[in-house]
Amino acid sequence: MVTSPHTLASVAGLKVLREGGDAIEAAIAIGGVIAVTYPHFCGIGGDAIWIIADREGRRTTLTGIGQAASAPPACKGTIPTRGPLSTLASACVVDTWRLAQDFSRRHWGGRISLASLLDPAIGYAENGFPYSASQAFWTEFRRADLPAWPGFVRTFLHEGRVPRIGEPFVQKALARSLRLIADNGPRDFYEGELAAALAKGLAEVGSPLTADDLRDTRAREEAPVALEYRGLTLLAPPPPTQGVTTLAIMGILERLGLSDVEEGSADYFHRCVEAVKQAFLDRSAIADPSFVAPADDLWIGADRLATKAAAVDPGRALDWPQPYRTGDTVFFGATDAQGRSVSVLQSTYFDWGSGVVVGDTGVLWQNRGAAFSLDPASPNVYEPGKRPFYTLNPGMALKDGRPHILYGTQGADGQPQTLSVLLTRLIDYALDPAEALARPRFLLGRTFSDDRDSLKLESDVDPKTVAALRERGHAISLIEAQSPLAGQAGAIVIDAEGQMSGAHDPRSDGLALGL
């Protein structure tokens, strides 16, 4: 089974499984297609995080996080969120394909060539695909900004206009770049013909990144962080990702308990929201452990989680004027007939990343480096070669050591929040993936349309629940039901007999497909 936010990507992954490929190979095919068909949220100029596990006890994380340029940014105060000065972290998604394929070959007998896996993506870039409603929305939403973004208008508009939904959308320059990766291998992006074109294009627009920075870029294979929750082992990527934040929320919720709470009630939402707040209060300490000593016990140590749970007032909301980070990404997952499973997030950080299309490559570069701070006292202060604080945190739950639930979501700060309701609905309330994904959600913090630090609730939450939450002190703003602001999540559940059920968010353009 596969799940992704775009139908064409899911179809590409399913085809690999049908032809005998493994879950990693299916995920690479999905990742290639989604980099073409969802350019507003991800692409090969961005990053990726993978969680991989199988029934033989293997479990690992591939952290494809671009490293900071060797030259410090020429700015003061804050780092720009768009334009050339926001392109100060390299892009690592392509190198995760290298590591993932190596893992597949070493442990799972993978045999499909990268060229074959990327063939659907190259075809959609070369020949076009139906322009999606999601891409149209985000192009229109940023329309006033587009002329200032180098190379953007010629790449993503059609004769100066936003393409019509369903109109074929072609990216021939990106097709050429993908073909170089397919023919020459992933490292061509970093030290080959494509790397030279990227370095030239980055220099022309004034990016701090150099050819040396590209050559030095490497994804890493690292051990996941784990937490026990109601008989399951939840896996998350390590710092500098916020994976420990998601685990902390779940650890706090386990201590608060949900067995006496009706799903969707005021008690349910209150406990989830307050657990999010308690976990987020510790999040500012997350930074690259190669530069800042890790402190897992700060986030998910048993004593820390007990203290956090005790701090939750069952009858009163904690005031919440905390900073909110925006960002967008895509989640996809795959599991094969042997239960070998992957959960992946790919991202260019903000919608449309930096806005910079590099030279004649068709590659839209990410702005993840804008997550760095220029404050010397911050753990996340900019340093050459450092990885920024990272919102991406796909997850996997193991049962008796075997993959049981694959999950993840789009949404930056909203990711741990969406996962709190998705996981509790799947685990505590035993809902199937489609129902768990369809039910209403919350989002704590600011959005594009509402900059108040309020608790956003989808409007299909029971009005009595909304009233009861207001009585507890939650400053509530209602957003539309099935709002994209509430995340675009996906999930696959595998039972003890190997039977699978899955879905992708009704808030997205995708679906789950199985054999």
Side-chain angles (χ1 to χ4, degrees), residues 1-14 27 30-31 33-34 37-42 49 51 132-138 165 246 263-264 269 272 326-335 342-347 351 391-397 405-427 429 431-444 447-448 456-461 479-493 500-514:
M1 180 170 282
V2 297
T3 184
S4 90
H6 197 284
T7 300
L8 294 178
S10 294
V11 168
L14 190 71
I30 294 170
V33 172
I34 207 77
T37 60
Y38 247 47
H40 47 301
F41 283 172
C42 75
I49 304 288
I51 289 184
S132 72
S134 180
Q135 185 171 341
F137 173 86
W138 288 105
I165 295 171
T246 295
E263 191 279 323
F269 280 110
C272 288
T326 188
D328 287 295
T329 183
V330 297
F331 165 76
F332 52 92
T335 186
V342 296
S343 285
V344 187
L345 284 175
Q346 284 185 184
S347 175
D351 58 280
T391 54
L392 303 192
N393 70 123
M396 193 178 299
I405 307 173
L406 285 57
Y407 56 87
T409 184
Q410 168 260 9
D413 275 10
Q415 288 185 32
Q417 304 183 51
T418 295
L419 294 181
S420 72
V421 292
L422 177 58
L423 286 174
T424 53
R425 286 165 175 166
L426 291 171
I427 299 170
Y429 298 99
L431 299 182
D432 65 67
E435 181 66 18
L437 289 164
R439 292 200 180 184
R441 300 181 193 149
F442 68 87
L443 178 64
L444 179 66
T447 68
F448 300 113
K456 277 69 177 176
L457 290 175
E458 291 187 301
S459 59
D460 49 348
V461 172
I479 58 177
E480 63 180 299
Q482 304 290 296
S483 171
L485 297 175
Q488 295 182 19
I492 296 174
V493 176
M500 302 170 193
S501 59
H504 211 85
D505 212 307
R507 301 161 183 82
S508 76
D509 298 311
L511 76 170
L513 295 171

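For Phe332, the ring pair (Phe, Tyr, Trp, His ring centres under 6.0 Å) test picks out no residue, with sequence neighbours left out. Every residue meeting the side chain to side chain contact (heavy atoms under 4.5 Å, CB included) condition with Ala486, not counting sequence neighbours, appears here in chain and number order: Arg441, Glu458, Arg507.
Listed for the Gln410 side chain is a donor-acceptor partner under 3.5 Å among the backbone atoms of Gln488. Ser10 places a side-chain N or O within 3.5 Å of a backbone atom of Leu511 that can act as its donor or acceptor partner. In this structure, the side chain of Gln482 engages the main chain of Ala438 through a donor-acceptor pair within 3.5 Å. Looking only at distances, no side-chain donor or acceptor of Thr409 sits under 3.5 Å from a matching main-chain atom of Gln415.
For Asp432 and Ser501, the side-chain atoms include no donor-acceptor pair closer than 3.5 Å.
Using a 30° and 60° split on the angle between ring planes, Phe269 and Phe442 fall in the perpendicular class, above 60°. By the 30° and 60° cut-offs, the orientation of the rings of Tyr38 relative to His40 is tilted.
Within the model, atoms CD of Gln346 and CZ of Phe41 stand 14.0 Å from one another, a figure rounded to the nearest 0.5 Å. Here Ile165 contributes atom CD1 and Ser132 contributes atom OG; the two are 8.0 Å apart, rounded to the nearest 0.5 Å. Annotation: the span from Met1 atom CE to Leu406 atom CG amounts to 10.5 Å, rounded to 0.5 Å. Once rounded to the nearest 0.5 Å, the distance linking CD1 of Ile405 with OG1 of Thr335 reads 12.5 Å. We find the CG-OG1 distance between Leu513 and Thr7 to be 7.5 Å, quoted to the nearest 0.5 Å. Here the OG1 atom belonging to Thr3 is positioned 15.0 Å from the OH atom belonging to Tyr407, to the nearest 0.5 angstrom.
With a 4.5 Å cut-off on side-chain heavy atoms, Phe331 and Ser343 count as touching. The side-chain heavy atoms of Leu444 and Gln417, taken from C-beta on, include a pair separated by under 4.5 Å. Looking only at side-chain heavy atoms (C-beta outward), Val330 and Ser4 stay at 4.5 Å or farther from each other.
Here the closest non-hydrogen pair linking Leu345 and Asn393 is CD1-N, 3.3 Å. Across all their heavy atoms, Ala491 and Pro433 have their closest contact at O-CB, 4.1 Å. When every heavy atom of Thr418 is checked against every heavy atom of Ala489, the shortest pair comes out as CG2-CB, 4.1 Å. Residue Ala436 comes nearest to Leu422 through the heavy atom pair CB-CD1, 4.0 Å, listed as atom of the first residue, atom of the second, then distance. For the residue pair Ile492 and Gly333, the shortest heavy atom distance occurs at CD1-O, 4.1 Å. Ile34 approaches His6 most closely through the heavy-atom pair CD1-CB, 3.4 Å.
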